[in-house]
Structure formats: C-alpha cells, structure tokens
S.K.: 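Please read through the structure below; I'll follow up with questions.
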Amino acid sequence: MSAPNDKSVEAEVLATMREYGTAMEAGDVNALLACYSEDWEDNHGTRKDSLKDRYQGVSGKGGIKETEVDESEAGVVVYGDSATYTPVTLWSPSGSITYTHKLKKEADGVWRLIHTEAIDWGTIPLDAEERIRKAENDASALTARHLREQILNDPSRPGYHFGSPEGIASPFDPNGAIYWKGRYHLFYIFQDKRSGKKSDHWGHVSSTDLLHWRHHPTGLLEGMYSGNCFINKDGVPTICYHQVGQGNAMAVALDDDLNEWKKLDSNPITPKTQQGDAHHGVYRSWDPFGWLEGDTYYAIFGGERPGIVKSPTLGGQWQYVGDLFAHGLEGVSLNEDVSCADLFKLGDKDVLLCISHRLGCRYYLGEWKNEQFYPESHAQMSWVDHSFFAPESLEDDKGRRIMWAWLLDGPEFGIRWENGWSGAMSLPRVLSLGDDGQLRMDVPEEIEALRYGAFKKEDFALQSDTDMVIDGIGGNSLELSIDIDSSEASEYGVKVYVSPDGLEETTIFYDAVEGKLKVDTRKSGPADTPKSVEAGPFELKEGERLKLRVFVDKSVVEVFANSRQAVMRRVYPSRPDSLGVSLFSTGGTTQVLRLEAWNMSPSMPY
C-alpha cells in the first residue's frame with residue numbers, strides 16, 4: 001500500500017475504480033471504457049478495441065446492468081506512477097470473475113487501467129450465502145489437493161498395498177472384513193476430531209479384486225474399536241465391536257452397500273454380573289469377535305484372560321460361558337493377551353488368529369468344541385518385534401480365507417507422520433491347510449494383474465561368497481519369483497534396494513544353519529530407520545528347493561517362502577539410486593533354476 005504521504009495518490013486511484021464500478025453497474029459503456037488506457041491489455045492479450053466490442057454486445061442484451069461489483073476486500077498498492085487494485089469480483093447471471101487491475105497515471109494526470117488479470121472465475125450464479133459456502137468448499141478442495149500431492153511425492157508411500165488415504169491412523173487395524181453381494185468390504189480404524197475431541201472411527205473401502213479399493217462414506221463413528229463382521233439370523237451383516245466407554249457391542253447394516261449402520265439400543269453385550277457370581281470381574285469387555293452358530297450367538301471377549309459369552313438373540317440376554325481356552329500350550333503363556341481375535345475353520349482344523357500386544361500377530365490351530373477352544377499348536381507371524389499386527393480375515397465366494405494385517409511404520413508403534421499420512425496394510429494373504437495339517441499362506445492370484453515388464457533368467461549358478469547383480473531388474477515396485485537350490489551354502493537369497501556401492505541394501509535369505517527365513521534391514525536406510533533381522537522359523541525338507549516370492553513396494557517388503565512362511569519389514573532407503581537387485585550365496589555354491597521379475601503397477605489412487 002502507499003506510504004503515508006501518498007494518501008492523495010491512493011485516493012486518486014480509488015476514484016478511478018469507483019468510476020469503473022459505477023459505470024459497470026449502470027451499464028454505461030462509454031464511461032466504462034474511459035477508465036481504460038488506450039494501451040490496456042489483459043493476460044490473454046485482449047486489447048481495448050476488442051473490449052469495446054465486448055461491452056457493447058453485452059450492454060445490448062442488458063448484461064452489464066445486471067453486474068454486481070464486489071470490492072469489499074480490495075486494496076491499493078502504489079508504486080510511483082503505477083498502482084495495483086485487487087481483488088475486484090464481478091457477479092452476473094452467468095457467474096463470476098475476479099480481477100487484479102493494474103493502473104497507470106497517464107500524461108493527462110488521470111489514473112487508468114493498463115492491465116487486467118483474471119485470478120478467479122466461476123460459471124454458476126450465487127447469492128451471498130452460496131458464495132460463502134463456495135469459498136469454504138474451495139478452501140477445502142485446495143487443502144485436499146495439497147495433501148494428495150504431498151502424499152504422492154512421498155517416496156515411502158506404497159503403491160499396491162492399501163494405506164490410509166490421509167492423516168495419521170494409529171491404530172490402523174483392519175476390521176469388519178466381509179465378502180458381501182459380490183464385493184470385498186474392508187473397514188479400518190482411523191482418528192479425527194470431528195466431534196470436538198479425538199475419537200476412533202471405522203473407515204470403509206470395497207473392491208471386486210482385492211487390490212483396487214473404492215472409498216465409502218464413514219458410517220461408523222465415535223469410539224469404534226476392534227471388531228468383526230458376520231451374518232445374523234436375518235441374513236444381515238452385523239458387526240461385533242468394542243465401543244469405547246461402553247464395552248463390547250453390536251451394530252447391524254441398514255443397506256447393501258454397508259454405508260449405514262444401526263448400533264443396537266441394547267448395547268453393550270457385556271453380561272451383567274454381581275459380587276458372588278462365578279464370572280464376576282473375571283473377564284474384560286474388550287476386542288470381541290462375534291459369530292452365529294446354529295441358533296446361538298457367541299462372542300470372544302479378548303484380553304489377558306479371554307472369555308466366551310453367548311445369547312439366543314443379538315439383543316441379549318448375554319451370559320458368560322467361561323474361559324476361551326480349554327487348556328494351555330507349552331511355550332505360550334495363558335496370560336498372553338488375546339486381542340483382535342478371529343476364529344474360523346480351515347479344512348478339519350479351527351484357527352484362532354489374534355495378536356498379543358507383546359508378540360504381535362499369531363495363531364493357534366486346534367478345535368472349537370463344547371463352547372471352548374482346544375489348542376493343538378501355536379505360531380507367530382511376527383518375531384523380532386510386533387510390526388505385523390492386528391489381523392482380520394474373511395471368506396469369499398470361492399471359499400478362500402483371506403487375511404490382512406496392519407504394518408507398523410516401525411517398532412513400538414513408531415509413526416512416520418512428516419508426509420501427511422501413516423497407516424499401511426499387508427497384501428491380502430490366502431490362508432489354507434497343507435497336507436501336513438499346518439498353515440499355508442500366499443498372495444491371491446488377482447495380484448498378477450498388476451504385473452508388467454516381465455523379466456526371466458534360468459539355470460545359472462551363484463559362486464560361493466559372491467553377489468551377482470541382476471542387470472535388467474531394478475526399482476522400488478517389484479515382484480520377484482525365485483526358484484533356488486543349494487546343498488552347500490549356509491545362507492542364500494536375494495538383495496533388494498541395493499545402491500551401486502552396496503552401502504544401502506535389504507537382504508532376504510534362507511539361513512540353512514538356523515532353519516529360518518530372514519529379512520535383514522540393518523543396511524536398509526539411515527540410522528533413524530528400523531534396524532533388525534526379522535526371522536521366521538522355516539526349514540527346507542530333504543530335496544526341497546527354496547521358492548521365494550518377494551514383493552517390494554516403496555517402504556514395504558513382504559516375502560513368502562514355499563507358501564509355508566511369510567516375513568514382512570518396513571524399510572526407508574534414503575538414496576534415489578538404491579534400486580538394484582542381486583542374488584548371493586554364502587558358504588557354498590547355489591543353483592538358480594528360475595528367476596522371474598515384474599514391475600508392479602500401483603493400484604491405490606494415491
């Protein structure tokens with residue numbers, strides 16, 4: 001704006017702009033054109049002659065007279081014999097346009113418009129209230145675009161693993177998974193302050209192929225914690241979940257898109273007990289899993305001593321049955337908490353999938369009978385820390401049992417928030433039972449649709465204690481399929497995210513001495529990124545070859561070995577050239593029967 005001694009100059013500029021506004025609203029074309037210099041042009045190169053024809057044409061239709069000039073937010077900045085006046089908005093029946101005008105004091109001492117630039121426009125006529133709402137919408141859209149661009153520019157943002165669409169989601173548990181009316185529905189926990197205080201809600205996405213997800217409106221709000229989805233006696237999807245501040249609860253779907261839900265008025269489903277009752281104070285109302293068996297509804301109540309409740313109806317009366325476990329197992333304490341529980345049948349076994357907050361994701365194989373679970377074996381899905389967390393599963397129309405888990409950014413619930421988001425899930429895993437009665441896990445066949453740029457190399461040897469860089473493969477969005485064999489080597493496998501000098505790399509290998517599938521991230525990135533060797537029990541049988549499937553997706557590495565074990569790590573390489581792939585063998589030669597690789601197309605919109 002002008003200096004204090006230039007107030008008279010500022011007044012002269014304002015006088016010209018008042019004449020402009022008066023002439024515009026009066027439809028006085030000659031008076032309007034008199035406000036423009038003969039040298040005037042706009043940012044599209046339009047000159048005053050064309051402007052004259054335009055105004056006369058509009059005036060002949062009565063258009064200028066219907067124009068409202070809004071200068072309520074306009075201000076003057078004077079620089080010698082030049083000035084800027086902005087913003088000036090013209091509202092008319094055809095919409096609006098906002099200008100920045102530059103003026104010049106000409107030889108006759110009169111200030112006239114010398115240049116005009118359109119800085120905003122709209123094609124919808126709006127009243128005063130609608131203008132306010134539109135401005136709010138525009139501001140929201142700008143914020144959303146900024147966040148989307150920020151997320152897209154994050155080199156650690158996975159492309160084909162489902163992730164939080166915006167903001168910090170912690171926890172980011174998958175919940176309520178169900179295959180319904182031809183679509184896979186997946187809910188997830190996120191947090192915001194829409195009610196004035198921070199609270200947990202369930203976001204909702206659906207897909208027909210397990211990889212491309214469509215977001216739904218958020219219909220499950222306020223205090224929504226872990227839970228599952230099942231079909232009730234009326235054939236309606238029903239969720240059993242933990243309602244913060246209330247206890248375990250139920251809600252039923254009101255539409256087939258699963259957008260609208262009704263939380264039961266009879267909630268919570270926590271049985272009412274009093275001092276002296278056998279189950280009084282024994283169980284927590286925490287992390288439930290509900291299902292219908294025959295004519296009876298059951299639910300697991302999670303926690304350090306998980307229990308079973310049941311009821312003939314959703315609305316109750318719910319009562320305690322007793323402990324979930326019929327007995328303990330050697331090697332795992334009965335006091336290890338059972339949270340995020342998921343109970344289902346695979347073949348002739350029942351599987352209890354869950355977490356403990358100490359161990360992360362884990363599972364029991366056994367039998368559900370007589371209203372208790374009889375465990376026969378126990379195994380973990382996360383070892384060095386609990387970064388593979390909060391499992392959730394569904395059964396689809398093909399009879400496949402498919403699970404997801406939350407992939408923590410780092411150990412101890414570490415959060416990387418700087419790029420505007422946190423929250424990633426594992427690839428969907430298809431669970432099955434092998435002929436030996438043990439759990440099998442692999443990715444669904446649908447993932448093959450993301451492949452492009454195929455590479456193949458067959459029948460070559462890796463010499464002892466050497467790395468072989470594989471020319472023709474590289475990147476941070478890959479699938480590798482490796483069929484490899486060695487009777488001599490103590491360790492052999494593949495390295496990804498390899499920098500040319502080898503200072504950054506993530507190592508994936510079979511440790512034949514310890515009988516483990518390992519992922520070593522100690523050289524994966526800078527000092528402030530996760531450093532560990534994740535190791536899942538895995539032993540090759542006599543004459544069995546190692547068959548690896550490796551999925552590299554920006555900050556996620558997931559590895560599957562012979563469909564019998566899977567290991568996951570989050571990695572954060574810092575160098576843009578850490579894109580190489582190499583194979584290695586330690587302590588003996590190794591034969592590579594087949595190496596295949598594909599680039600993977602992102603399936604997430606951003």
S.K.: Heavy atoms only: give me the nearest L147-G167 pair and the separation to one decimal.
M.R.: CD2-N, 4.4 Å

S.K.: Taking the six-membered ring for Trp, are W291 and Y298 ring centroids under 6.0 Å apart?
M.R.: yes

S.K.: Check whether any side-chain N or O of D553 sits under 3.5 Å from a backbone N or O of Y160 as a donor-acceptor pair, and report yes or no.
M.R.: yes

S.K.: With K310 as the cation and Y297 as the aromatic partner, state whether NZ or CZ is under 6.0 Å from the six-membered ring centre and within 45° of the axis.
M.R.: no

S.K.: Could you verify whether a donor N or O on one side chain and an acceptor N or O on the other, from W286 and S339, lie under 3.5 Å apart?
M.R.: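 Indeed, the side chains of W286 and S339 share at least one donor-acceptor pair under 3.5 Å.
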
S.K.: Keeping the roles fixed (side chain from S207, backbone from H212), state whether a donor-acceptor pair exists under 3.5 Å.
M.R.: yes

S.K.: Is it true that a side-chain atom of D342 and a backbone atom of S393 form a donor plus acceptor pair closer than 3.5 Å?
M.R.: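 Indeed, once roles are kept as given, a pair shorter than 3.5 Å links the two residues.
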
S.K.: Establish, for the pair R429 and W404, whether the NZ or CZ atom is under 6.0 angstrom from the six-membered ring centre and no further than 45 degrees off its axis.
M.R.: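 Not flagged: R429 not positioned over aromatic ring of W404.
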
S.K.: Given the rule in the ring pair (Phe, Tyr, Trp, His ring centres under 6.0 Å) test, do W261 and W202 qualify, once you have shown the distances and angles that lead to the verdict?
M.R.: CA-CA 11 Å; W261 296 81; W202 276 18; 7.9 Å; no

S.K.: Using distance alone, with no hydrogens and no angle criterion, decide if H242 and N248 have a side-chain donor and acceptor under 3.5 Å apart.
M.R.: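 Side chains of H242 and N248: pair found under 3.5 Å.
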
S.K.: Would you call the rings of H204 and H185 parallel, tilted or perpendicular, where under 30° means parallel and over 60° means perpendicular?
M.R.: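 Correct class here is tilted.
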
S.K.: So, for L427 and E558, which heavy atoms are closest and what is the spacing to 0.1 Å?
M.R.: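 Looks like N-OE2, 2.8 Å.
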
S.K.: For a quick test of reading the model, state the closest non-hydrogen atom pair linking H161 to M604 and the distance between them.
M.R.: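 Reported closest heavy-atom pair: O-CG, 3.6 Å.
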
S.K.: Anything under 30° is parallel, anything over 60° is perpendicular, the rest tilted; go ahead and classify H215 against F162.
M.R.: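 Judged by the thresholds at 30° and 60°, the geometry between H215 and F162 is tilted.
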
S.K.: Is any NZ, NE, NH1 or NH2 atom of the basic residue among D350 and K345 found under 4.0 Å from an Asp or Glu carboxylate oxygen of the other?
M.R.: yes

S.K.: What do you reckon, are the aromatic ring centroids of Y283 and Y320 less than 6.0 Å apart?
M.R.: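 Between Y320 and Y283, which both carry aromatic rings, the centre distance is below 6.0 Å.
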
S.K.: With a 4.0 Å cut-off, would you call D323 and R305 a salt bridge?
M.R.: yes

S.K.: Checking D396 against I402 for the side-chain contact (heavy atoms from CB on, under 4.5 Å) test, could you report, in this order, the C-alpha distance in whole Å, the side-chain angles of both residues, the deciding distance, and whether it holds?
M.R.: CA-CA 8 Å; D396 71 1; I402 302 170; 3.7 Å; yes

S.K.: Would you call R400 and D442 a salt bridge, using N to O less than 4.0 angstrom?
M.R.: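 Salt bridge absent between R400 and D442.
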
S.K.: Is NZ or CZ of R131 both nearer than 6.0 Å to the six-membered ring centre of W91 and within 45° of the ring axis?
M.R.: yes

S.K.: Fit a plane to each ring of F551 and F560, take the angle between them on a 0 to 90° scale, and name the class: parallel (under 30°), tilted (30 to 60°) or perpendicular (over 60°).
M.R.: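 Because their plane-to-plane angle is over 60°, the rings of F551 and F560 count as perpendicular.
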
S.K.: Would you call the rings of F172 and Y188 parallel, tilted or perpendicular if under 30° counts as parallel and over 60° as perpendicular?
M.R.: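 The arrangement is tilted - the two ring planes meet at 30° to 60°.
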
S.K.: I'd like to know if the side chain of T98 and the backbone of T89 have a donor-acceptor N/O pair within less than 3.5 Å.
M.R.: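 No; judged by distance alone, with no hydrogens or angles, the pair does not exist.
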
S.K.: Can you tell me if K272 has over 12 outside heavy atoms packed within less than 6.0 Å of its NZ?
M.R.: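 12 or below, so no.
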
S.K.: So which of Q191, E222, R194 actually passes side-chain hydrogen bond (donor to acceptor under 3.5 Å, both in side chains) with S199?
M.R.: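 When Q191, E222, R194 are each tested with S199, the side-chain hydrogen bond (donor to acceptor under 3.5 Å, both in side chains) holds only for E222.
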
S.K.: Which heavy atom of G423 sits nearest a heavy atom of D409, and at what distance?
M.R.: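 That would be N-OD1, 4.2 Å.
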
S.K.: For Q246, does the CD atom have more than 12 heavy-atom neighbours from other residues, nucleotides or ligands under 6.0 Å away?
M.R.: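 Check passes, neighbour count above 12.
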
S.K.: Go through it in stages, so that I can follow the logic: the residues are V205 and F187, the test is side-chain contact (heavy atoms from CB on, under 4.5 Å), and I'd like the CA-CA distance, side-chain angles, deciding distance and then a yes or no.
M.R.: CA-CA 6 Å; V205 291; F187 296 83; over 6 Å; no

S.K.: Is the cationic atom of R284 (NZ for Lys, CZ for Arg) positioned less than 6.0 Å from the six-membered ring centroid of F301 and within 45 degrees of its normal?
M.R.: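 Checked: cation-pi criterion not met.
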
S.K.: Just jot down the ring-ring contact (aromatic ring centres under 6.0 Å, His included) partners of F325, sequence neighbours excluded, or say none.
M.R.: Y364

S.K.: I would like to know whether S356 and R362 meet side-chain contact (heavy atoms from CB on, under 4.5 Å); could you show each step before the answer?
M.R.: CA-CA 8 Å; S356 79; R362 60 200 187 98; 3.6 Å; yes

